[in-house]
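Beneath this line is the structure, given in structure tokens, with notes to follow.
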Amino acid sequence: DTAVSQTPKYLVTQMGNDKSIKCEQNLGHDTMYWYKQDSKKFLKIMFSYNNKELIINETVPNRFSPKSPDKAHLNLHINSLELGDSAVYFCASSPPASGTITDTQYFGPGTRLTVL
Amino acid sequence: GDSVTQMEGPVTLSEEAFLTINCTYTATGYPSLFWYVQYPGEGLQLLLKATKADDKGSNKGFEATYRKETTSFHLEKGSVQVSDSAVYFCALTQSSNTGKLIFGQGTTLQVKP
């Protein structure tokens, strides 16, 4: 069973379109994340949800809207896609941190978004 | 703000060579430190971690020691294999428990037979 899954794996679309990427984890984790990896492989966090509540919202254009229907799912919706949105998007999840120990994040396989 | 700096890649080694990938960090307080590995076409996997000063993380022959005095977490392996070819990311997260990972820029390792 895949622990963190994302769909689709590849997404090719035109500028101006609206698209969604879905993420599901079957690990029973409380916290989920979205990261963006650019063409130089640099990874940056975008959002984090804990039990369906937004806890991290980095400086991301408001065209990006995360939605968490339940704690096992965190979807990413992108409006009015731009060329610069082309990247690989990774979903991740982690269990609740215990005390001051921050636990491991488990990553999905990524979604490669190409905006033409 | 907090940041992580890794050595520039790509790093190209012959099989059985010794590997070091340097990682230094800037952070307030006492972050936890991680090495993640990304094999071609895949997501990231945790390789090892250390949560306090002088801790040594190890896995699959890789090791890294949390050095607070030099703010470093260098990755080492005594004898690399072709299957170790991947991109390696050093990362930190703060004990504030938001879980936000701050990554270095990644170092590509290519091991030749």
Side-chain angles (χ1 to χ4, degrees), chain A residues 2-7 9-10 21 23-25 27 29-51 53-60 74 88-112, chain B residues 1-11 21 23 25 27-53 55 57 59 66 86-110:
Chain A
T2 304
V4 182
S5 59
Q6 294 179 228
T7 53
K9 191 169 173 62
Y10 299 97
I21 306 172
C23 177
E24 176 181 2
Q25 55 94 4
L27 298 167
H29 290 167
D30 286 350
T31 309
M32 296 183 72
Y33 311 82
W34 277 108
Y35 289 87
K36 180 180 180 180
Q37 186 176 45
D38 64 22
S39 58
K40 296 184 179 177
K41 300 279 189 189
F42 185 67
L43 273 155
K44 192 165 193 280
I45 191 163
M46 301 172 69
F47 301 103
S48 171
Y49 271 72
N50 188 342
N51 276 323
E53 182 183 344
L54 181 67
I55 57 171
I56 296 175
N57 184 350
E58 291 292 290
T59 311
V60 176
L74 180 62
V88 181
Y89 293 84
F90 287 101
C91 177
S93 72
S94 66
S98 51
T100 57
I101 298 172
T102 306
D103 220 317
T104 302
Q105 292 185 23
Y106 295 80
F107 283 77
T111 296
R112 183 175 292 278
Chain B
D2 297 346
S3 65
V4 176
T5 303
Q6 292 178 231
M7 64 188 285
E8 290 281 334
V11 173
I21 300 178
C23 170
Y25 68 90
T28 55
Y30 303 94
S32 295
L33 301 175
F34 302 81
W35 277 100
Y36 278 84
V37 58
Q38 184 179 24
Y39 297 103
E42 297 184 12
L44 280 75
Q45 303 172 26
L46 178 71
L47 183 58
L48 52 85
K49 67 180 181 183
T51 56
K52 60 182 189 296
D55 267 3
N59 186 25
Y66 189 143
V87 182
Y88 291 81
F89 292 92
C90 185
L92 70 81
T93 188
Q94 284 288 11
S95 55
S96 60
N97 292 344
T98 65
K100 171 182 168 180
L101 273 170
I102 295 170
F103 286 93
Q105 68 268 43
T107 302
T108 299
L109 170 66
Q110 185 177 19

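Lettering of chains follows the sequences in order, A, B, ..., and the numbering in each one begins at 1.
Between the CG atom in L101(B) and the OG1 atom in T104(A) there is a gap of 9.0 Å [rounded to 0.5 Å]. To the nearest 0.5 Å, atom CZ of residue F107(A) and atom CG of residue L46(B) are 9.5 Å apart. For the atom pair NZ of K44(A) and NZ of K100(B), the computed distance is 6.5 Å after rounding to the nearest 0.5 Å.
When heavy atoms are compared at a cutoff of 4.5 Å, K9(A) approaches chain B solely by way of its side chain, counted from C-beta outward. With a 4.5 Å cut-off on non-hydrogen atoms, Q38(B) touches chain A through its side chain but not through its backbone. For chain B, no part of Q6(A) is nearby; none of its heavy atoms comes within less than 4.5 Å.
Here the closest non-hydrogen pair linking Y35(A) and F103(B) is CE2-CE1, 3.6 Å. Nearest heavy-atom pair across F89(B) and Q37(A) is CZ-NE2, 3.4 Å.
More than 12 heavy-atom neighbours from other residues, nucleotides or ligands sit within 6.0 angstrom of CD on E42(B).
A side-chain contact (heavy atoms from CB on, under 4.5 Å) with L43(A) holds for exactly one of V87(B), L44(B), I102(B); it is L44(B).
Legend: residues meeting side chain to side chain donor-acceptor pair (under 3.5 Å) with Q105(B), ordered by chain and number and at least two apart, are absent.
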